[in-house]
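Note that these values count all heavy atoms, side chains included, but never hydrogens, waters or copies made by symmetry.
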Amino acid sequence: MGLLTLIVVLPLLGFVLNGLLGNRLGKGFVSAVGCGLPAIAFLVTVKVVLDLKGAGWAPIAETAYVWTMVGQDSFEIAFWFDRLTAVMALIVTGVGTLIHVYSTGYMHEDRSYARYFAYLNLFLFFMLLLVLGKSLLVLFVGWEGVGLASYLLIGFWFGDMEKAAAGKKAFIVNRIGDAGFLLGMFVIYSAVGTLDMPHVNQAFAGGAAPAVSASLVGLLLFIGATGKSAQIPLYVWLPDAMAGPTPVSALIHAATMVTAGVYLIARMSGIYLGAPEAGTVIAAVGALTALMAATIALAQDDIKKVLAYSTVSQLGFMFVAAGVGAYGVAVFHVYTHAFFKACLFLGAGSVIHAMSGEQDIQKMGGLARKIPITFATFAIATAAIAGIPPLAGFFSKDEILWYALASERGGSGWLLAVMAFTALLTAFYMFRLLWLTFFGKPRMMKEVEHHIHESPLSMTGVLMVLALLSAAGGFLSIPHFLEPMVPLPGIKPGMDAFHYFVVGGSIAIALAGLAGAAFFFGGDASRAARVKAGFAGAYRVLSHKYYVDELYDLAIHRPLLWISDKVFLRVGDRFLIDGTLDGLAGAAQRVAGRLSRVQTGSLHKYALLVLAGMVASLVWMWRNG
């Protein structure tokens with residue numbers, strides 16, 4: 001077994017061991033296996049990165065086995081490790097391991113402790129399969145696998161019907177996007193004759209696939225990305241996915257799975273470099289998603305829902321970068337986002353743990369002194385996502401704003417304006433969250449206030465590591481690291497002079513968001529209350545998330561239920577299928593009933609029938625003799 005295969009298989013082994021033996025061998029065994037094997041996978045990943053560097057960054061390929069042969073075509077389970085894989089694999093195994101460790105404290109009292117870690121390890125296995133897969137086929141297996149694991153983890157507490165429904169919603173919505181992904185794979189295979197991603201990129205970049213439009217393929221793949229990475233119109237599953245345990249939100253819906261769509265576009269950049277129309281669509285969808293989700297986050301009071309819509313918005317930032325050809329910048333934001341958003345979600349978990357399960361930020365306040373480590377780490381991550389320099393989010397968001405304006409592949413003033421305004425909203429709603437949660441007078445019930453306490457070291461230690469990465473992670477320039485394989489787009493002529501203007505504006509925006517939140521929510525938050533009362537209608541629309549779920553229910557869900565009930569069930573199943581079968585059975589029963597009258601059990605009648613038959617036979621022979 002090679003090292004690449006080992007990276008993928010280690011979490012799978014954890015799933016098997018905890019799934020089969022966890023309940024019998026106890027929580028100590030579950031914790032050791034559930035956290036230890038991902039940690040080993042991280043160390044092996046570091047070793048492979050060092051080997052990659054030693055080989056002059058030449059990609060490493062490894063074939064585990066031949067899956068199947070179709071004619072002369074061989075489909076292999078093969079892995080590929082290059083600069084992009086290195087970044088993603090380190091995020092998945094590194095942040096994944098930290099979240100596993102955090103979970104030992106957060107989930108310690110849960111009765112299904114072993115099942116939880118088995119599912120978490122299974123997710124890590126599929127995510128690594130997605131990231132390390134050499135072909136679109138292997139990537140798609142991982143893609144579907146993380147969808148399965150996400151369904152299991154979101155609906156982990158399936159005894160609660162609301163949580164079970166959230167898992168089902170995530171699964172179904174993602175299948176819609178995956179249909180587009182499958183169609184894109186079929187088109188690629190018919191045009192190029194392979195699903196091997198390096199060859200596909202080379203074929204499209206070299207113009208060797210004239211039979212198919214690169215924009216068509218790019219848009220089909222992007223449909224899959226809109227599902228997995230929660231973009232308009234398939235974003236509705238992600239906020240509801242907060243029904244799962246908080247560490248699940250951190251791992252799946254902040255650091256790894258939801259960034260799979262961005263990774264797919266960066267990985268298939270050879271297609272998108274020849275598909276400017278697809279790039280325009282991606283940038284437009286990303287910008288609209290970022291703006292819409294940011295406005296919704298302004299009016300949410302559930303601490304996890306605020307972070308969920310923040311994730312949707314930040315994913316929009318990533319797609320804007322990818323849409324204007326700055327794939328390395330998109331991955332840079334994936335990288336920084338993994339740190340600060342995981343820290344925020346896990347910080348929210350620590351707050352919820354301290355508040356005995358309470359998630360409404362209107363019922364919090366004054367927590368900064370009671371849980372100081374959670375507060376300090378949450379504040380650092382908040383400043384990072386807001387873009388306060390020199391924290392990690394500043395560097396990646398600044399790059400996105402710059403290329404949104406200056407990229408030769410679709411940068412424009414309107415795109416910069418939308419993203420700059422969204423960045424302002426981001427800073428405002430995140431500092432609103434910080435103020436209402438940690439500052440001001442306590443607004444919780446007295447019995448809850450008496451039990452507030454800092455989380456155990458297994459949780460706070462992870463928060464401190466993620467806060468450190470959120471602070472310092474931006475100094476590693478991912479775009480320049482990836483540039484040899486994913487070149488940055490050219491800058492429009494005459495735009496270089498505006499670079500410092502964008503940087504200065506980015507800083508001003510972050511500080512304005514901080515100042516605005518302090519102004520409205522400082523003290524007793526009376527100013528915010530007056531604004532809320534003055535714009536009650538707009539606030540209602542935002543708090544109900546533009547009524548998009550209700551619109552989908554009215555336009556899609558109810559018509560489908562009506563068709564299923566009135567047409568398929570009543571007409572198709574009951575009338576046509578059951579009616580036909582029941583009719584045939586009824587006719588056979590009636591015929592049998594009438595024939596059964598012949599079988600009376602009376603010897604006299606039997607003798608009479610025999611005599612009648614003999615007479616009839618004699619008459620027939622006489623007539624035809």
Compile the donor-acceptor pairs under 3.5 Å between side chains in residues 271-282 and protein atoms, sequence neighbours left out, one pair per line.
{"unit_1": "Tyr272", "atom_1": "OH", "unit_2": "Gly218", "atom_2": "O", "d": "2.7"}
{"unit_1": "Glu277", "atom_1": "OE1", "unit_2": "Ser215", "atom_2": "OG", "d": "2.5"}
{"unit_1": "Thr280", "atom_1": "OG1", "unit_2": "Pro276", "atom_2": "O", "d": "3.1"}

(request) Sequence neighbours left out, what passes ring pair (Phe, Tyr, Trp, His ring centres under 6.0 Å) with Phe535? Give chain and number order. (result) none
(message) Strictly by ring-ring contact (aromatic ring centres under 6.0 Å, His included), give each pair with a member in residues 215-247 just once, sequence neighbours left out.
(response) Phe222-Phe319, Trp237-His253
Going by atom type alone, with no hydrogens or angles, which donor-acceptor pairs under 3.5 Å involve a side-chain atom of residues 482-502 and a protein atom two or more places apart or on another chain?
{"unit_1": "Glu483", "atom_1": "OE1", "unit_2": "His480", "atom_2": "ND1", "d": "3.3"}
{"unit_1": "Lys492", "atom_1": "NZ", "unit_2": "Gly411", "atom_2": "O", "d": "2.3"}

(message) Run Val95 and Ile99 through side-chain contact (heavy atoms from CB on, under 4.5 Å) and show every step you take.
(response) CA-CA 6 Å; Val95 177; Ile99 294 171; 3.8 Å; yes
Enumerate donor-acceptor pairs with a distance under 3.5 Å from any side-chain N or O in residues 134-143 to protein atoms, sequence neighbours excluded.
{"unit_1": "Ser135", "atom_1": "OG", "unit_2": "Leu137", "atom_2": "N", "d": "3.4"}
{"unit_1": "Ser135", "atom_1": "OG", "unit_2": "Val138", "atom_2": "N", "d": "3.2"}
{"unit_1": "Trp143", "atom_1": "NE1", "unit_2": "Asp178", "atom_2": "OD1", "d": "2.8"}

(message) Per the salt bridge (Lys or Arg N to Asp or Glu O under 4.0 Å) rule, what does the pair list look like for residues 239-250, sequence neighbours excluded?
(response) Lys169-Asp240
(request) With Arg83 as the cation and Phe481 as the aromatic partner, state whether NZ or CZ is under 6.0 Å from the six-membered ring centre and within 45° of the axis. (result) yes
(request) Would you kindly check if the NZ (Lys) or CZ (Arg) of Lys304 is within the cone defined by 45 degrees around the ring axis of Phe345 and under 6.0 Å from the six-membered ring centre? (result) no
(request) Examine the side chains of Ser310 and Lys341 and answer whether a donor and an acceptor come within less than 3.5 Å of each other. (result) yes
(request) Using only heavy-atom distances, determine whether the side chains of Thr295 and Tyr309 contain a donor-acceptor pair under 3.5 Å. (result) no
(request) Apply ring pair (Phe, Tyr, Trp, His ring centres under 6.0 Å) to Phe395 and Phe475, showing your working. (result) CA-CA 8 Å; Phe395 293 97; Phe475 291 102; 5.2 Å; yes
(request) Mind checking the NZ-CE spacing from Lys163 to Met242? Nearest 0.5 Å is all I need. (result) 12.5 Å
(message) With a 4.5 Å cut-off on side-chain heavy atoms, are Trp80 and Arg267 touching?
(response) yes
